[in-house]
Each structure stands twice: as structure tokens, then as C-alpha cells.
Amino acid sequence: MTDRAQQTLRLAQNQWRRASLWPYAWLAALIAVAVAAGSVYWHWPSWLGIACAAAISAALLLDRNWRLSSAELCRRLDGRYPRLQDSSQLLRAAPEALAPLAQLQRQRVATALEEILQRGALKGFQPAWHRSQLAHAAGACLGLLLFVAVDSLPQRQTAATPPLARELAAVESLAIVEAVTEIQPPAYTGLPQQRQSLQISAVEGARITWKIELDGAADGLTMLAAEQEFVFEPAETRPSRHWQLTRIVAAADFYQLALHSGGGQKLLPEIHNIEIRPDRAPEFAFDYPRDNVTVASSDVDNSAALLQVSVEVADDFEVTETELLITLASGSGENVRFRNDTVRLEPSESTGSSKRYRFSVPVARYDIEPGDELYWYLQARDNRAPQANVAKSQHFIVRWPQEEIFGLSDAEGMAIKVLPEYFRSQRQLIIDTEALLAEQEQLGAQEFRKRAESLAYEQNLLRMRYGRFLGEEDSALEHAGDAHGEAAAGEHGEDHKRQHAEEHTAEHDGGHDAAQGTAPVQFGDATGVVAAAGHQHDSSEHATLFDPQTKELLRSALNAMWSSWRELSVIEPRASLPYQHTALRYIKEVQQASRIYLQRVGFEPPPLDETRRLSGELEEVAPPGVTAAVSLGEREEILTLLQRVRSGEALSEDIAADLQQLPSVRAQMQAQPQLPLELSKALRLYRQQAACRDCRQQLAALLYQLLPEPRAKPSLPRLRSAAGEFDTWLRAQRDGGADAEVRR
Amino acid sequence: MIQWITLLGAVALSVSLLLVMRVRAGTPQRIGAALTQVLIWATAWMLLQPPALLPPRQGATLDSGGAIKLEPELALAEIANLQTLKVRGDGLRRDALRDLPPVRLENAEPSPAAAWRADWPRELMLGEPLRLQISGGKATDSSTSFTLEDPYGAAVDSATIAAGENIEAALRALPKLGGPQLYQLRIETDANDRTEVRREPVPIVVHGTEQPAVLLWLAQPSFETAALSRWLRQSGVPAQVITQLAPSVVRRETFNGLEDKTGQPLNASGPFDLLVLDSRLWPQLTAAQRRALATHATQKSLLWLVGDDSPREFLDYARAQQMPLQAAEILTSASPLSTDDALPPLRLRGYQPQHARAGDLQLNGDSGTLYWGRSNGEGALGFVLFADSHRWPTAGFAMEYARLWKSVFDRQLARRGSRAAVSLSTELPLAGRRLTLCSDAFAGGAPRLARADTEAGLAATALAGMAAAKSDSGSCYAYWPEHAGWYQGGDEANPFSLYVFATDAWPEWHRALSRAQTRQMATARLGPATQAQAPQRPLPLQWPALALLLLLSFTWWRERRSLR
């Protein structure tokens with residue numbers, strides 16, 4: 001009986017606890033449903049569920065109804081059921097511990113409670129539903145739901161706000177839910193379609209389709225690329241949540257997205273890159289020939305091995321066509337004829353994106369003669385569309401040497417004024433020398449000497465004429481003095497020559513200062529000549545347009561002419577003949593090798609009237625003063641811009657274009673092709689986000705990179721006595737001054 | 001004070017003895033009580049003046065690894081009485097060692113950690129290159145890569161030291177901006193398949209150029225002087241170029257805002273800091289002009305472009321200035337400033353210094369002297385003995401051309417500076433450590449020194465400078481900067497900037513400095529051992545106190561009956 005009474009009491013306690021907790025369960029279920037629905041349909045934040053659960057848990061902890069003590073439970077039972085005669089506390093005690101009267105009363109109360117239980121009257125035994133803790137929890141959850149609902153549905157809440165502010169608020173709330181780019185490489189590449197995010201890496205010419213889904217309907221979506229704007233097309237009627245844009249991108253770019261809704265615009269701050277991998281042109285790798293110049297013999301069989309070609313042409317996708325282009329130069333002098341030919345090549349091997357060609361240069365189809373030259377190179381195309389990449393290989397020369405080169409005049413094909421009264425050709429000199437030697441027996445010694453000297457003079461003249469091709473300007477000066485002296489000797493004799501020299505010296509003394517006259521210019525002293533002239537040109541080695549091989553040939557010819565002149569000058573015509581032949585051979589080789597043709601007759605300046613030189617009136621000469629100042633250089637321009645960026649000043653839109661006009665910036669951009677895009681991107685970020693310190697720093701770093709290095713300029717030292725004290729001490733020691741102040 | 005206490009003690013002892021004498025007791029008891037009183041007052045006196053009874057301490061150990069610790073802990077006066085102070089670890093910097101009493105230092109074996117030094121000019125003129133030299137004799141066990149980064153973080157120059165090689169690297173950069181700039185040295189160390197990267201600051205101050213006014217006076221035009229004239233004009237230097245073909249045929253060109261005056265250009269009151277004259281001009285100069293040249297050479301700067309055909313009178317003039325020139329073979333010489341083979345060679349003029357003195361300013365090529373100068377008081381006299389430098393700009397070496405002539409001009413104008421130098425007591429000033437600044441400009445008092453970097457929101461409060469001992473560099477003041485970063489100091493006439501490094505910056509360099517300076521101080525203090533015996537140490541106070549307590553307890557025990 002005792003156990004039964006306590007079980008009944010426990011049943012009553014369970015009934016009370018269940019009834020206390022039910023409202024909380026209902027509240028939790030309702031809130032969970034609301035939060036789930038809000039998260040799905042209105043993208044409510046995930047913290048909302050946690051916050052509501054925390055509020056309900058706190059209310060549960062504070063609410064003591066569902067965890068009443070047994071004494072309190074008994075008091076509640078006594079209060080609710082008068083039949084228990086305020087004695088339900090007796091049920092908590094053990095019957096043995098009670099007095100007999102109390103035991104009797106305990107039994108009566110147990111019976112009454114059991115009857116109440118059996119009648120089902122205990123179902124109404126529950127706390128009041130409007131408990132403060134429950135009400136607070138419900139209020140907190142409702143408040144949170146309302147707060148989030150108001151935040152997620154601004155258009156309904158801001159009905160009273162002005163239209164422009166409402167539109168701006170609407171566009172500000174828009175965001176991208178999903179963004180996908182579909183990249184379709186050009187068909188010729190054979191690459192599969194790809195899906196990427198907003199950061200794109202694609203091959204040149206790829207067709208890129210952006211598919212953007214927004215979390216709300218927008219009236220427009222724009223792509224702000226580096227230099228252009230592109231407008232997205234809506235997938236359904238405007239306003240739309242789904243937008244699409246297709247571009248064919250040929251060069252690297254970057255972009256930002258801008259949302260339009262109502263009259264407002266929202267610029268998304270992220271900048272996305274479009275990296276483009278260019279389609280490279282085919283490349284050549286020659287196994288043989290290894291040299292650019294091949295000297296072939298007339299014997300076709302012997303030359304066959306020299307004319308074999310093996311080359312691998314590789315491309316990043318496919319090599320479609322390779323051609324052999326041949327130019328045959330035949331003839332000599334002014335009668336050089338050129339013939340062009342194109343031969344399509346068939347690959348001997350084809351592996352993936354590369355093809356190997358083995359062939360022989362088809363010389364058999366031409367009538368090759370000694371002295372002819374054949375120039376050839378390869379030209380390959382890849383499968384790029386719509387316009388293929390065309391690459392040309394290096395040029396090769398096949399040369400058939402000329403067996404006999406003496407049949408031509410050496411004066412042909414060279415930029416020499418043909419003035420027979422002034423100089424003879426090398427071949428003419430050889431003929432004249434041989435004639436002189438043949439007539440030596442018939443001539444007197446004086447006559448022989450005179451003719452040999454004449455030949456020497458001609459030889460020297462010819463040497464200096466050719467020397468001009470090497471830029472030997474001192475030769476011209478030397479020639480002028482020499483010719484003048486020689487001519488004077490020849491025409492007027494030694495007296496006139498001496499007199500003229502004295503006059504010349506007198507003119508110099510009168511016209512120039514004494515210091516200048518202290519170093520008389522002597523023939524052969526090139527330093528003196530240049531010093532007297534007051535200027536000196538750059539190295540003669542680089543003053544002509546000949547290639548180094550031709551220059552070397554010409555230099556050898558000049559050396560031979562020099563030797564020939566020396567022998568002729570000492571009246572040894574026979575000894576000079578080998579040098580003359582050597583000179584002639586070199587001249588012909590120069591003509592054959594370079595095939596230069598220049599017009600024979602050039603500009604003829606009027607002769608100078610030397611009698612008028614240095615005869616001006618000095619009193620009237622008053623050179624005007626010149627005032628000049630250094631102009632603002634590129635460095636200063638970029639430096640000014642950098643200072644403006646560092647101080648956060650606003651920059652104009654066309655600053656990038658202005659910068660790219662500067663030569664030093666252009667040179668850097670050619671070396672670093674990604675630099676213009678980086679600069680444009682940094683400039684855009686700087687303009688859009690004035691408070692962004694990183695953006696400012698990034699732009700400043702780019703400008704610092706573009707800033708030309710400062711040149712060393714003359715400057716006064718900053719610090720006093722920068723030379724140090726050691727030399728002061730030394731001077732004090734040297735001067736021997738015992739009282740000299742020495743600061744050490 | 002001590003006298004009063006002594007007098008008080010003596011009076012108290014006398015009173016005690018008098019009271020003991022008046023006690024009615026036997027003579028032995030009274031003598032015993034008197035002795036006890038004497039002992040009590042003697043012990044009390046020992047509390048005031050502890051007797052030096054303990055033997056002197058011979059040595060102590062200063063542990064410099066991590067936190068500096070002295071074992072055993074001693075007061076400064078006790079340290080001063082040590083025979084030797086053994087320094088364990090890498091040692092201390094010179095400032096810290098100077099703060100110790102002058103005891104003999106014994107330098108223990110340093111730690112095996114790597115130590116190397118960095119050296120770079122802290123102040124540059126715009127256009128001068130920054131050269132960072134890293135050197136350390138100790139071989140590294142792992143490969144180390146040094147990369148110099150510009151103030152915006154871009155790599156400028158780099159060097160890699162393979163494992164097992166000595167640390168020797170030279171990095172170069174050309175600062176593009178003026179003002180204080182913070183370059184960084186990125187140090188990558190590869191060891192055990194791990195790469196450690198850290199950065200150390202390389203602060204420099206780049207000064208804008210203060211340009212001299214230059215007169216270029218020529219006897220005839222040439223490519224050489226045309227190139228020099230163009231460089232002066234393009235550098236923005238106020239300059240005048242006078243070409244005097246004959247005494248009455250003069251062409252004047254004035255550049256960059258210099259007032260075009262047709263008066264005597266050699267007047268001492270003229271605007272020119274530097275006169276560049278053609279040696280062939282000598283015969284055209286009047287006697288007055290020649291006298292003015294002597295004044296100019298001692299007060300400003302005079303530079304002669306020596307020609308191959310210089311007149312004999314000019315050579316006599318050089319000899320009269322005790323800088324005789326002798327005829328020499330005309331040779332070519334490579335550039336002294338660049339090792340680029342493509343640089344066209346310079347041509348030496350036909351004259352070389354006959355006998356240069358020690359202390360003369362010289363710029364030497366590989367086959368002769370290119371420039372010879374000598375400072376005279378505030379001025380300088382110099383001779384340019386090369387030609388064909390005009391080929392450098394035409395060959396694409398305009399920067400090298402500018403550096404060559406700037407190096408000549410710098411030597412000529414070395415005495416024309418106007419600001420006093422400010423020297424630091426250490427090449428690696430650290431935050432929280434003492435920093436001593438010395439300069440002739442500080443004669444009026446401690447210069448203001450305040451933090452320049454206020455971006456962190458810290459107010460630029462000036463640091464208090466304390467006067468320090470005067471040195472060769474002038475008056476000195478000590479500061480204790482708390483934070484790392486740029487500091488600005490001085491006044492408007494003599495402003496300066498300096499960088500204070502973080503405490504943990506450049507650990508290897510700090511280690512190398514500590515080792516070297518500790519070794520140096522140990523060597524400097526290695527004098528003969530002192531003949532005088534060090535004084536004995538005083539008895540610790542607790543022993544007299546204990547004795548006093550015992551004596552008082554004894555007297556209480558003896559007199560406890562009378563106290564009832």
C-alpha cells in the first residue's frame with residue numbers, strides 16, 4: 001500500500017512535468033518551422049535558429065515549474081484537490097515513521113489520490129500556460145524573427161521611405177547567388193568545353209559565356225572590362241534574376257560586375273581576371289644543315305649531301321602547312337637576276353602537334369652556274385582560325401663560288417665616283433704596271449721613276465677612295481693635304497709649295513690664338529689632324545653599313561693596296577704587282593659577296609673657295625647668347641603622379657593612357673606585357689576605393705616600378721668637411737705648424 | 001649623521017656602564033654585566049657599520065645568453081672589487097660594457113650560432129646606388145639566400161650562399177625617391193627540407209641634390225665638352241658655358257635659370273661654386289684673371305680640363321701650385337667605376353701627376369691617373385687627365401658617364417658642404433637601449449628627437465636627451481628610444497633622420513657586434529693585475545643582528561627575576 005501511494009504521487013508528478021514542458025515543445029517546434037521556412041525562402045541567417053534555441057533554453061532553465069520538489073508538488077495537490085484534506089505531505093513519509101493517527105490519515109489520502117487518478121481528474125493538474133518565462137521566450141523568438149524578417153524584406157518595410165532611397169536599398173541588397181562561366185575553346189584547338197568560376201583562364205579566341213544568378217530581381221547587369229563595358233542579357237523578362245553574356249576574348253582582360261535595379265547601381269568590388277593563353281606560331285628545330293651558308297660545288301653528286309635538310313616544326317595545336325621558299329640569284333654586276341620559287345613540303349613523320357620534314361634543296365630544277373647563290377627558308381602555318389599563325393625560319397644561303405673573277409671591272413657595283421681623270425681602277429693599275437715593266441728597257445731611269453711615282457700616286461688615291469667605305473675620314477683629310485701638296489708640286493714646283501705652306505701657317509697664326517698654333521699639324525699625325533679640326537667622329541669601324549665579313553674583305557684589300565703603294569713609291573713596280581693582284585681579288589670578292597649596287601654618280605658639291613676662308617671681319621661677329629633650361633622629364637611626371645597617389649588625391653580616368661605615352665613606360669610594358677592590365681586594375685581600384693590603403697599601396701608600387709632611375713647629377717655635398725679629417729692632419733703635419741689645430 | 005649616532009652610542013654605553021657600577025652586586029657580577037653591556041652596544045654598532053671580516057670575492061660570471069644575469073648577484077661596488085669578470089655567451093655591446101665598473105673581462109668561448117655583419121651607407125644622395133655588403137667569416141651549414149627588396153616589396157637584387165661557403169654577399173639597388181626609405185633584406189635559409197624566411201630592415205635616407213653653380217670655360221668646342229655641357233644642362237645645374245675661340249670671339253650659353261652676365265666670370269663674388277676651365281685657355285687669360293684663379297682655388301673649386309696640347313705656361317702654373325704635370329704616353333684606360341667590357345675605353349691625356357702627395361684626391365684607371373686634385377682650405381684644385389668620355393653616352397652608357405663626372409665633381413666639391421655631420425654611437429641602435437648622438441651642431445643643447453612614424457596613432461613626443469661625454473664628433477647626448485622606427489631630430493638648419501631597430505632585429509649582426517666589442521673591451525682592459533690587496537667583504541647584517549638578539553635574550557634571562 002505504501003509503495004502504491006508513492007507511485008501514485010510519482011504519477012501525479014510526471015503529469016505535472018509533462019504539462020509544464022508541453023508549451024515549450026510547441027514553441028520550439030513552431031520556431032523551428034518558421035526558421036526553416038525563412039532560411040529556404042528568404043535566406044534568413046543561420047544564427048537565427050541558434051539564437052531562438054538559446055532563448056527557449058534560458059526560459060526552461062529559469063522556469064521551475066517542470067522540476068518541482070515533492071513537497072511543493074504536494075502543496076499544489078492540496079491546493080487543487082480539497083479531498084486530500086491538506087494531508088498529501090503524509091504520502092512522502094514512510095508509514096512506519098508515522099503515528100497511528102497519521103498512518104490512518106495517510107491511508108485515506110492515498111485512497112483519495114488514487115480515486116482522483118482513476119477518474120482522470122489528474123489531467124487538469126498542470127501549471128498555468130501564461131507563465132512569465134514562457135512568455136519571455138516566445139517574445140524573444142518572435143522579436144528575432146521579426147527583426148530578421150524586416151531585414152530580409154526591406155521593400156515591404158520601407159514603404160514609407162523616399163523612392164530613390166528605396167531603389168538604392170533594393171540594389172544594395174542584391175547579391176550573386178551563383179556564377180558560372182562556360183568556356184568554349186575555338187574549334188580548331190580540339191579542346192573540350194570547360195566550366196570555371198568568375199576567374200577565367202582560357203585559350204586565345206575562346207567563346208566565354210557568363211551565367212549569373214542573383215538573389216533578387218535586377219533590371220540590368222553590366223560587365224566593366226578594362227577598356228569596354230558589356231551588357232548582360234536577361235534569361236527571362238526584366239526584372240530578372242538570371243543573366244547571361246557571351247564574349248569572344250582574344251587578349252587578357254579583367255572585369256567587374258555592376259548590378260542595376262530601379263535607378264540605382266551597385267558595383268561589386270571584386271575584380272576578376274581573364275587570363276588568355278595565346279596561340280603560339282610554329283617553331284623550327286633544324287637538325288641539319290647546321291651552318292647558314294653552304295658552299296656547294298658544281299658537281300651535283302658531291303653537293304647532294306650538303307643540300308639535305310631535316311627539320312622539326314612544332315606548334316601548340318597543329319601544323320597545317322609548311323613551304324620551302326627559294327630565291328635564286330644569278331648573274332653578276334648589274335645583271336643580277338632573281339628567281340623566286342615556292343615548294344610545298346610533305347611531312348615524313350607526324351607526331352601529335354609536331355611534324356618532321358626531310359628533303360633536299362631542289363637545285364636540279366635550276367641551271368646553276370658558278371657565282372650563283374640560292375637563298376632559302378621555310379614558312380609554316382598552324383591551324384589557327386580565322387587567321388593562321390605564320391612563322392618563317394632562319395634564312396640559308398647556298399653559294400657556288402666563281403672560278404674566274406678577273407673578267408669584270410672592279411669599278412662596277414661599288415659606290416665609287418667614276419672620274420677617270422682622278423683615279424684609275426685597280427685592274428687598270430695592274431695593266432699599267434705590267435706595261436711599265438714591259439717598257440722598262442726602252443725608258444730612261446728618270447722617266448721610269450716618274451711613271452712609277454705616278455702609279456704610286458694613283459694607287460694611294462684608289463686606296464683612300466676605298467677607305468671611305470670603311471669610314472676612314474682621316475684618309476680624306478690626309479688626302480686633301482697630300483693632294484694639295486702633290487698638286488702644288490706638280491703644277492707650280494717646290495717654290496710655290498714652300499710659299500703656300502708659309503702662307504698657310506701665317507693664316508693659321510693670324511686666325512687662331514697662339515695656343516692653337518703651338519701644335520703644328522703634321523702629315524700622318526692623325527691625332528694632330530683631329531685635334532686641329534676640333535672634332536672627332538665616332539669609331540670608323542661602325543660608320544658604314546657593311547656587314548663584318550665584307551668589312552674584313554675590304555680591309556684586306558686596303559692593306560694590299562697600302563703595300564702596293566709602298567712598293568710603287570720606292571720605285572719597285574715588280575714587287576708591287578702581287579699586292580695589286582691580291583687587292584683586285586679582294587675587291588672582286590667584296591663585289592660578289594655583298595652584291596651591293598649603288599648609283600655611280602652622287603652629289604657634286606660646288607668647289608670651295610679657300611681664299612675666302614678665315615677672312616671675315618671679327619669685329620662684327622657677336623655670337624648671340626643662348627639661354628636654355630632642362631624640361632620636365634618623364635621621371636618628374638611619374639614622380640608627381642606617385643606623390644599624388646601617396647597623398648590620396650583623385651586621379652583622372654585617362655591617366656593610364658597618358659602614362660602609356662611615355663617612352664620609358666612603353667619600353668617597360670613591352671618587356672612585361674601584363675603590366676598595362678595591372679596598372680589599369682590598380683588605377684580602377686584606387687579610384688573606386690578611396691579609403692583602401694592596400695589599393696593605394698599597390699598603385700604606388702606599380703608607379704615606383706615604372707619610375708625611371710635617377711641619374712647622377714652634380715651636387716654639393718650635404719655635410720661639412722665630408723673629406724674627413726685625415727687629410728687635415730696630414731696637411732698640418734706637412735705644413736709643420738706646431739700650433740696647428742688638429743682635431744683628432 | 002654618523003658622528004651623531006656614534007656620540008649617541010657612546011653616551012648610551014657610558015650610561016649603561018654607570019648603571020652597572022651602581023648595582024649592588026659582587027665585583028665579578030658587575031664586571032660580567034659591564035662586559036655584556038659593552039658587547040651589546042658593540043653589536044648594535046656593527047649593525048650600523050658592518051665590519052669587513054670576510055675574504056674578498058675573486059671573480060663572477062656574467063651570462064649574456066638571453067637575459068643578462070650576474071652570478072653571484074653583486075652590487076656595482078662589489079663588481080668593481082672583482083679581480084676578473086668572466087663573460088659567458090656572445091658578450092655585450094660596447095655601451096653595456098662601458099656601464100660596468102672597470103674590471104678585467106675574461107671572454108669565454110662564444111656560442112656556435114651564426115654571426116655576420118651588414119654594412120651599407122645610411123645616407124645617400126639621389127642618384128647614388130645603395131650597396132649592401134654582408135660579410136661573415138663563419139661557414140654556413142645550410143644554403144642562405146639574400147634578396148634586397150625595395151620599399152614597395154619588389155625584389156631588386158639577390159645573392160645565394162651555398163652550404164659550406166663563407167657568408168660574403170654584395171647587393172645593389174638604386175633608390176628612386178628621396179627621403180627616409182625602408183628597404184628590406186629577405187633572408188631565406190634552407191635546412192632539413194624546411195625553408196625559413198624572415199626580413200630585416202635596411203633603412204636609408206636619400207637626400208635630394210643641392211646643385212652647385214658651374215662655369216665651363218672653353219678655348220674651343222669639342223665633342224667632350226659638348227657632352228659635358230649637355231650633361232650639366234640636363235641635370236638642371238645652373239651653369240654657364242663660355243666658348244672663347246679668340247679674345248674677342250666669345251659665345252655664352254646659360255642654363256637652368258642662371259642669370260646671364262657678361263662681366264668677369266672669375267670674380268670671387270661670382271655665383272659659381274665650381275670653375276671648369278680648358279687648359280688651352282691659359283694664354284688668353286689676363287694677369288688679373290690668373291690672380292683670381294688662385295683665390296678661387298682656395299675658396300671655391302677650380303677644375304682644369306687638361307688638353308693634349310696644353311701650353312707650356314699652363315704647365316708652369318701647375319708646377320707653381322705644387323702640382324706639377326709631366327708628359328706621359330697617351331694610353332687608354334678602362335673605367336674605374338664599371339667593369340662592363342662594352343664600355344668604350346677612356347683616353348689618357350698626355351700628362352700625368354709628377355708626384356702626388358698623400359691625401360691628394362685621385363681617380364685612377366688601370367693605366368694611369370684620370371683625375372688629380374688637392375683640397376686647399378675650403379676649396380680644391382684639380383686636373384682632369386682623360387678624354388673620350390663623350391663616347392659613353394653615344395654608346396648607351398649615359399648613366400655611367402654621369403657617374404664618372406659626378407665622382408670627379410664630388411671630389412672637387414667635397415669641402416663645400418654646409419651641414420654638420422651627426423654621428424651615432426652604434427651602427428645598430430636598438431629600441432629600449434641607449435643611443436648616443438654626437439655633432440658639432442649640438443653645442444646649443446640637446447637636439448629634439450621625436451618619432452616620425454605617427455601612423456600608429458602615437459603622438460610624436462620628443463625624447464629627453466641627457467648630456468654625455470663630449471667626443472671628437474662634438475657634443476653628445478644620450479636617448480632611450482622605446483619604439484622601433486624612424487625618428488626625426490635636429491632643427492631646421494640641421495635636420496636629420498635615423499632609424500631605431502626592433503630589439504630582435506638582425507640577430508646575427510647583433511651577435512657579431514657583441515662578440516667583437518666584448519673581445520675588444522676584454523683586450524683593452526687587460527692591464528697588469530692590481531698590486532693592492534682587494535678589501536675584505538663586510539659581514540652580512542644578519543649575523544650582528546643575531547648576536548644582538550642573543551645578548552639581549554641573555555640579559556633578559558639574567559634579570560628576569562628583577563623584572564617581576
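Throughout, a chain's letter reflects where its sequence line sits, starting with A, and its residues are numbered from 1.
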Next on the checklist: Assess whether a salt bridge exists between B:Arg251 and B:Glu253, defined as any Lys/Arg side-chain N lying under 4.0 Å from an Asp/Glu carboxylate O.
Outcome noted: yes
Next on the checklist: Can you tell me which portion of B:Trp405 sits under 4.5 Å from chain A's heavy atoms? Options are side chain, backbone, both or neither.
Outcome noted: neither
Checklist entry - Any ion pair linking A:Arg555 and A:Glu552 (charged N to carboxylate O, less than 4.0 Å)? => result yes
Checklist outcome for this item: Which of B:Thr225, B:Thr243, B:Leu281, B:Leu245 passes side-chain contact (heavy atoms from CB on, under 4.5 Å) with B:Gln220? It is B:Leu245
Next on the checklist: Counting only non-hydrogen atoms closer than 4.5 Å, can you tell me which residues of residues 660-674 of chain A sit against chain B?
Outcome noted: none
Item to check | pair B:Leu218-B:Gln244: side-chain heavy atoms closer than 4.5 Å | outcome: no
Next on the checklist: Do the side chains of B:Lys300 and B:Asp273 get close enough for a salt bridge, i.e. N-O under 4.0 angstrom?
Outcome noted: no
Next on the checklist: Any non-hydrogen side-chain atom of A:Arg711 less than 4.5 Å from a side-chain atom of A:Arg635?
Outcome noted: no
Item to check | Partner residues of A:Thr640 under the side-chain contact (heavy atoms from CB on, under 4.5 Å) criterion, sequence neighbours left out | outcome: none
Item to check | Side chain / backbone / both / neither for B:Glu123 at chain A, heavy atoms under 4.5 Å | outcome: side chain
Item to check | Structural part of B:Phe409 lying under 4.5 Å from a heavy atom of chain A | outcome: side chain
Checklist entry - Picking from B:Val214, B:Asp150, B:Val241, B:Val408, which has the most non-hydrogen pairs under 4.5 angstrom with chain A? => result B:Asp150
Item to check | Residue part contacting chain A, namely of B:Pro175, when any heavy atom lies under 4.5 Å | outcome: backbone
Checklist entry - Taking all non-hydrogen atoms of both residues, which atom of B:Val237 and which atom of B:Pro212 are closest, and how far apart? => result CG1-O, 3.1 Å
Next on the checklist: Could you check whether any side-chain heavy atom of B:Glu224 comes within less than 4.5 Å of a side-chain heavy atom of B:Leu228, counting everything from C-beta outward?
Outcome noted: no
Checklist entry - Any residues in residues 694-704 of chain A near chain B, with a heavy-atom distance under 4.5 Å, and which are they? => result A:Gln697, A:Ala700, A:Ala701, A:Tyr704
Checklist entry - Considering only heavy atoms from C-beta outward, does the side chain of B:Leu216 approach that of B:Leu277 to under 4.5 Å? => result no
Checklist entry - Can you check side-chain contact (heavy atoms from CB on, under 4.5 Å) on B:His207 and B:Leu126, steps first, answer last? => result CA-CA 6 Å; B:His207 299 287; B:Leu126 195 63; over 6 Å; no
Checklist entry - Between B:Asn494, B:Thr209, B:Leu258, B:Asn256, which shows the greatest number of heavy-atom pairs under 4.5 Å with chain A? => result B:Asn256
Checklist entry - Among all residues two or more places apart in sequence or in another chain, which pass the side-chain hydrogen bond (donor to acceptor under 3.5 Å, both in side chains) test with B:Asp410? => result B:Lys406
Checklist entry - Which answer fits B:Ala420, side chain, backbone, both or neither, if we ask what part of it has an atom under 4.5 Å from a heavy atom of chain A? => result both
Next on the checklist: Tell me whether B:Asp308 is salt-bridged to B:Arg347, with the criterion being a basic N under 4.0 Å from an acidic carboxylate O.
Outcome noted: yes
Checklist entry - Non-hydrogen atoms of chain A under 4.5 Å away: do they reach the side chain of B:Glu128, the backbone, both or neither? => result neither
